[in-house]
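Here is the structure we will look at, set down as structure tokens.
Note that the numbering runs from 1 along the sequence shown for the chain.
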Amino acid sequence: RTLSSLAVTGNITSANLTTSAFVINGVTTGITAAGTQQSNATALTTSINIVTTTNSGTGVILPTAVGGMMISVINAGGNSLAVYPATNGVINSQSANVAYSLVAGGRLQFVAGNTTQWYTLGATYA
């Protein structure tokens, strides 16, 4: 049998996933960074995030980490972007709750190793 469509609102747990076409991730464009601290930064809600408005000192916050989760952040704004982990989270070897500064024009992938640790991969700067 062939399954032609499936809608799931929770998580799917499986072994390997093989596809003969594309894996399509959620994308949010036109994001405006907000706040100057972790508690009032703009929450990211999809796998691919394009931030177009970055007033000085503003930021976004990653979701609560799940081991294996990958979040891409593209800073298409004119200022550096503060990218915060979720509460008690860590990015690379920084202290808990400290933002990673993504320069204007920067593109970066954040990969979760567990429920609190994020690592940055593939930095590309304009």
Side-chain angles (χ1 to χ4, degrees):
R1 295 187 179 205
T2 300
L3 179 64
S4 61
S5 180
L6 175 66
V8 178
T9 58
N11 295 328
I12 296 176
T13 302
S14 78
N16 297 322
L17 173 65
T18 303
T19 177
S20 60
F22 299 100
V23 174
I24 300 171
N25 293 294
V27 178
T28 303
T29 61
I31 298 170
T32 298
T36 56
Q37 54 192 332
Q38 185 184 39
S39 63
N40 59 8
T42 300
L44 300 180
T45 59
T46 56
S47 295
I48 301 169
N49 301 275
I50 304 169
V51 183
T52 53
T53 304
T54 55
N55 293 324
S56 182
T58 59
V60 296
I61 186 168
L62 297 167
T64 300
V66 175
M69 179 184 278
M70 293 186 205
I71 305 290
S72 297
V73 180
I74 299 165
N75 182 0
N79 293 295
S80 289
L81 172 67
V83 180
Y84 293 95
T87 302
N88 298 320
V90 173
I91 298 174
N92 296 331
S93 60
Q94 299 182 139
S95 297
N97 304 315
V98 172
Y100 182 92
S101 182
L102 184 59
V103 298
R107 299 172 294 280
L108 196 55
Q109 188 171 48
F110 293 82
V111 177
N114 58 42
T115 58
T116 58
Q117 179 68 59
W118 288 98
Y119 296 97
T120 55
L121 296 178
T124 304
Y125 300 103

Next item on the list: Determine which pairs satisfy side-chain hydrogen bond (donor to acceptor under 3.5 Å, both in side chains) with at least one residue from residues 48-76, sequence neighbours left out, and list them in order.
Entry: T46-N49
Result block: side-chain N/O donor-acceptor pairs under 3.5 angstrom for residues 16-26, not counting sequence neighbours:
unit_1 : atom_1 : unit_2 : atom_2 : d
T19    : OG1    : A21    : N      : 3.2

Checklist line | Residues clustered with V8, ILVMFWY side-chain links under 4.5 angstrom | finding: L3, L6, I12
Item checked: ILVMFWY clustering at 4.5 Å (side-chain atoms), partners of I61 -> Y84
Margin query: List the residues meeting side chain to side chain contact (heavy atoms under 4.5 Å, CB included) with N97, not counting sequence neighbours, and say none if there are none.
Written below: Q38, T87, N88
Next item on the list: Please identify each residue that fulfils side chain to side chain contact (heavy atoms under 4.5 Å, CB included) with V66, with sequence neighbours left out.
Entry: M69
Taking only residues two or more places apart in sequence or in another chain, which ones pass side chain to side chain donor-acceptor pair (under 3.5 Å) with [X]?
{"X": "T120", "result": "N92"}
{"X": "T116", "result": "N114"}
{"X": "N40", "result": "none"}

Shortest non-hydrogen contact from [X] to [Y]?
{"X": "I91", "Y": "V83", "answer": "CD1-O, 3.2 Å"}
{"X": "L81", "Y": "G59", "answer": "CD1-CA, 3.8 Å"}
{"X": "A104", "Y": "G77", "answer": "CB-O, 3.4 Å"}

Margin query: As an exercise, state the distance from OH of Y100 to CH2 of W118, rounded to the nearest 0.5 Å.
Written below: 14.5 Å
Note to self: Using 0.5 Å steps for rounding, measure from the OG atom of S47 to the CZ atom of F110.
What the structure shows: 14.0 Å
Notebook entry, point to check: Should I74 and L102 be counted in the same cluster of Ile, Leu, Val, Met, Phe, Trp and Tyr side chains packed under 4.5 Å apart?
Noted result: no
Notebook entry, point to check: Do any N or O atoms from the side chain of T29 and from the backbone of I50 form a donor-acceptor pair under 3.5 angstrom?
Noted result: no
Next item on the list: Taking the side chain as every heavy atom from C-beta outward, state whether T28 and T45 have any atom pair closer than 4.5 Å.
Entry: yes
